[in-house]
Amino acid sequence: MLDIKFVRENIDLVRTKLEERGDAVDLDQFVAMDRRRRDILQEVEALRNERNNVSKEIGARKKSGQDSSDLIEKMGSVSSRIKDLDESLKETEALLGGLTMTIPNIPHASVVCGKGDEDNPLVRQWGGKPTFDFEPKAHWDIGEDLNILDFARGAKVTGARFTLYRGAGALLERALVNFMLDLHTTRHGYTEVFTPFMVNSESMTATGQLPKFEEDLFKITGTDYYLIPTAEVPVTNIHRDEILDEKDLPIFYVAYSACFRAEAGSYGKDTRGLIRQHQFNKVEMVKFTRPEESYDELEKLASNAEEILKRLGIHFRTVSLCTGDLGFSSSKTYDLEAWMPGQNAYREISSCSNFEAFQARRAGIRFRRREGSKVEYVHTLNGSGLAVGRTVVAILENYQQKDGSVIVPDALKPYMNGVDRIVRNK
RNA sequence: GGAGAGAUGGCUGAGUGGCCUAAAGCGAUCGCCUGCUAAGCGAUUGUACGCCUCAAAAGGUGUACCGGGGGUUCGAAUCCCCCUCUCUCCGCCA
């Protein structure tokens with residue numbers, strides 16, 4: 001959420017910035033509710049002050065044996081007025097809170113204005129498209145031909161958008177998770193954490209999935225728990241409602257988790273293969289930083305994700321999301337798009353974002369620069385490093401051979417139990 | 001799933017309706033003292049929101065906060081109700 005005082009004092013700037021995102025936000029109602037809240041607050045607090053003083057007087061009189069029935073009668077009506085005001089204050093704050101929680105973040109000044117992904121500027125690219133002396137296949141065909149991906153049985157066991165991995169396919173998925181975690185922990189300075197895969201609604205609200213995007217989530221019936229759509233949620237919430245020491249910043253975490261997405265509204269999109277699943281694996285990097293260093297850390301975060309693709313030898317490009325394509329909570333986002341020859345397309349494989357204080361404010365994650373100084377909100381960042389299922393897709397499609405086998409990239413060989421080429425077994 | 005005990009400030013822990021502006025201790029910060037260190041002495045000590053002064057930093061002032069929500073009362077950390085979490089024991093279990 002945005003700083004209410006900042007919105008109050010910079011209403012036109014906020015309006016302009018939000019319009020660039022293409023979001024319609026009722027800022028007039030926000031201003032009115034904010035005004036109303038402060039008016040009520042002033043009145044009710046003055047009454048409380050009176051009541052506190054008079055109650056003290058009643059206590060004093062009682063002790064000295066004096067009568068105080070006149071004061072008690074007077075305070076009776078003051079108390080009922082306080083009760084009424086509290087009621088309307090609560091209503092107003094609920095309205096204001098609801099509005100505040102649905103206003104998206106303001107894009108950073110370096111983010112270009114645009115409508116959708118076609119306007120995202122290219123930041124850099126690495127490697128080149130591999131050439132084939134045969135027609136490269138899509139990963140769903142490669143995977144079924146090698147008997148390592150079983151879409152039909154995944155659908156039988158659960159339903160559409162669930163996949164069974166078998167043999168070297170399952171091994172490849174697991175190898176990638178370990179390869180990514182090891183690189184980020186030993187080379188990039190991240191601390192590995194392993195979190196719950198379900199979180200409560202408070203955590204979902206803190207990172208921005210709730211209240212606006214509930215339809216994208218799986219909820220556990222009869223509880224307040226949701227399946228996580230990304231490890232960003234539990235990992236960012238590790239420090240919810242905490243005041244951190246400046247000396248502990250920045251904090252870098254990396255986590256493997258399964259991710260669960262309802263994919264409401266994506267019917268008919270990417271129905272074949274591993275690209276869009278209800279359940280997928282991801283290694284996620286999360287940072288907590290001081291405000292002045294968060295944009296440097298965003299660059300490092302993106303390069304940490306890119307390093308995985310470089311080591312795997314997969315051609316990719318990095319784009320900067322334009323205002324119209326930016327996620328709800330983000331101020332600036334880089335998407336890494338890996339080349340997928342079987343689909344003749346670049347596909348998103350990582351998304352690295354700086355949320356500035358947007359999540360920290362919702363989550364109450366603060367720090368203190370030195371003893372006695374005021375607390376400030378940290379900046380939070382996160383990025384995939386990487387989406388594992390999509391990395392499997394990239395490896396299968398980029399390393400496929402004419403005979404249908406798939407060569408294992410060198411960087412992954414130490415994790416593959418001696419398998420350096422995936423061939424059909426049985 | 002059953003039974004019981006708990007939740008108070010950075011930490012430990014007292015507090016069963018008004019002298020709570022939450023005792024005391026520990027820690028931390030600053031100062032004094034002192035060859036050094038330790039000890040000792042003194043002071044300070046949270047968060048949020050509103051209002052005022054203000055360019056800002058900062059200051060002043062008010063309100064709220066003793067796990068969360070409701071209630072009783074002129075007045076609630078304290079009494080009542082509901083919920084959450086933690087711990088112990090029993091049951092079940094990878």
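Residue numbering restarts at 1 for every chain, and letters A, B, ... go by the order of the sequence lines.
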(request) Check whether any side-chain nitrogen or oxygen of A:Arg61 sits under 4.0 Å from OP1 or OP2 of B:G18, and answer yes or no. (result)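 It does not, given that no N or O in the side chain of A:Arg61 lies less than 4.0 Å from OP1 or OP2 of B:G18.
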Take atom [atom1] in [N] and the same atom in [M], then report the distance between them in whole Å.
| N | M | atom1 | answer |
| --- | --- | --- | --- |
| B:A64 | B:A77 | P | 9 Å |
| B:U12 | B:C74 | C1' | 37 Å |
| B:G69 | B:C11 | C1' | 28 Å |
| B:G31 | B:C36 | P | 16 Å |
| B:A14 | B:A28 | P | 23 Å |
| B:U8 | B:U78 | P | 14 Å |
| B:G25 | B:C81 | P | 36 Å |

Separation of [X] atom [atom1] from [N] atom [atom2], in whole Å?
| X | N | atom1 | atom2 | result |
| --- | --- | --- | --- | --- |
| A:Lys374 | B:G46 | NZ | P | 14 Å |
| A:Asp241 | B:C85 | CG | C1' | 15 Å |
| A:Ile243 | B:U45 | CD1 | C1' | 13 Å |
| A:Phe367 | B:G10 | CZ | C1' | 19 Å |
| A:Asp248 | B:G10 | CG | P | 17 Å |

Could you check whether any side-chain heavy atom of [X] comes within less than 4.5 Å of a side-chain heavy atom of [Y], counting everything from C-beta outward?
| X | Y | answer |
| --- | --- | --- |
| A:Leu321 | A:Tyr334 | no |
| A:Leu386 | A:Val283 | no |
| A:Glu50 | A:Leu47 | yes |
| A:Gln359 | A:Glu232 | yes |

(request) Establish, yes or no, whether a centroid distance under 6.0 Å links the rings of A:His379 and A:Tyr295. (result)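 No, the ring of A:His379 stays outside the 6.0 Å limit from the ring of A:Tyr295, centre to centre.
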(request) Would you please indicate if the ring centroids of A:Tyr190 and A:Tyr253 are separated by under 6.0 Å? (result)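 No; A:Tyr253 has its ring centre 6.0 Å or more from that of A:Tyr190.
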(message) Pair A:Phe252, A:His188 - check ring pair (Phe, Tyr, Trp, His ring centres under 6.0 Å), show working.
(response) CA-CA 9 Å; A:Phe252 296 179; A:His188 298 156; 9.8 Å; no
Would you mind writing out the side-chain donor-acceptor pairs for residues 12-19 of chain A within the sub-3.5 Å range, not counting sequence neighbours?
residue : atom : partner : partner atom : Å
A:Thr16 : OG1  : A:Asp12 : O            : 2.8

Quick one, which residues of [range] touch RNA chain B with a heavy atom under 4.0 Å?
| range | answer |
| --- | --- |
| residues 34-58 of chain A | A:Arg37, A:Arg38, A:Leu41, A:Gln42, A:Glu45, A:Arg48, A:Asn49, A:Arg51, A:Asn52, A:Ser55, A:Ile58 |
| residues 63-73 of chain A | A:Lys63, A:Ile72 |
| residues 77-104 of chain A | A:Ser79, A:Lys83, A:Lys90 |

Residues 160-168 of chain A side chain polar contacts: donor-acceptor under 3.5 Å, at least two apart:
residue  : atom : partner  : partner atom : Å
A:Arg161 : NH1  : A:Lys269 : O            : 3.4
A:Arg161 : NH1  : A:Asp270 : O            : 3.2
A:Arg161 : NH1  : A:Arg276 : O            : 3.1
A:Arg161 : NH2  : A:Ser266 : O            : 3.0
A:Arg161 : NH2  : A:Lys269 : O            : 3.1
A:Thr163 : OG1  : A:Gln277 : OE1          : 2.8
A:Tyr165 : OH   : A:Glu173 : OE1          : 2.8

(message) Could you walk me through whether A:Tyr377 and A:Asp3 satisfy the side-chain hydrogen bond (donor to acceptor under 3.5 Å, both in side chains) test, starting with their C-alpha distance in whole Å, then the side-chain angles of each, then the deciding distance to 0.1 Å, before giving a yes or no?
(response) CA-CA 11 Å; A:Tyr377 289 106; A:Asp3 181 357; over 6 Å; no
(message) Whether the side chain of A:Ser353 engages the backbone of A:Leu381 through a donor-acceptor N/O pair (distance < 3.5 Å, no angle test) should be reported.
(response)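 Not at all, since once roles are kept as given, no pair shorter than 3.5 Å links the two residues.
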(request) Under the ring pair (Phe, Tyr, Trp, His ring centres under 6.0 Å) rule, what do A:Phe260 and A:Phe280 come out as? Steps first, then yes or no, please. (result) CA-CA 7 Å; A:Phe260 303 90; A:Phe280 62 95; 8.5 Å; no
(message) Just to be sure I understand the rule, does A:Arg361 reach a base, reach only the sugar-phosphate, or reach nothing, if contact means heavy atoms closer than 4.0 Å?
(response)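 It contacts nothing in the nucleic acid.
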(request) Output yes when A:Glu202 and A:Arg240 qualify as a salt bridge under the 4.0 Å nitrogen-oxygen rule, no when they do not. (result)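 A salt bridge links A:Glu202 with A:Arg240.
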(message) Applying side-chain contact (heavy atoms from CB on, under 4.5 Å) to A:Ile228 and A:Ser257, what does each step give before you reach the verdict?
(response) CA-CA 9 Å; A:Ile228 57 172; A:Ser257 88; 3.6 Å; yes
(message) The side chain of A:Lys62 is closest to which nucleotide in this list: B:G18, B:A58, B:G50?
(response)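 Of all the options, the side chain of A:Lys62 is nearest to B:G18.
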(request) With pairs defined as Watson-Crick or G-U wobble and both distances under 3.5 angstrom, please note down RNA chain B as a dot-bracket string, | for pairing with another strand. (result) ((((((((.[[[..)..(.....]]]((((((.......))))))((((((((....)))))))).[[[[[..)....]]]]])))))))....
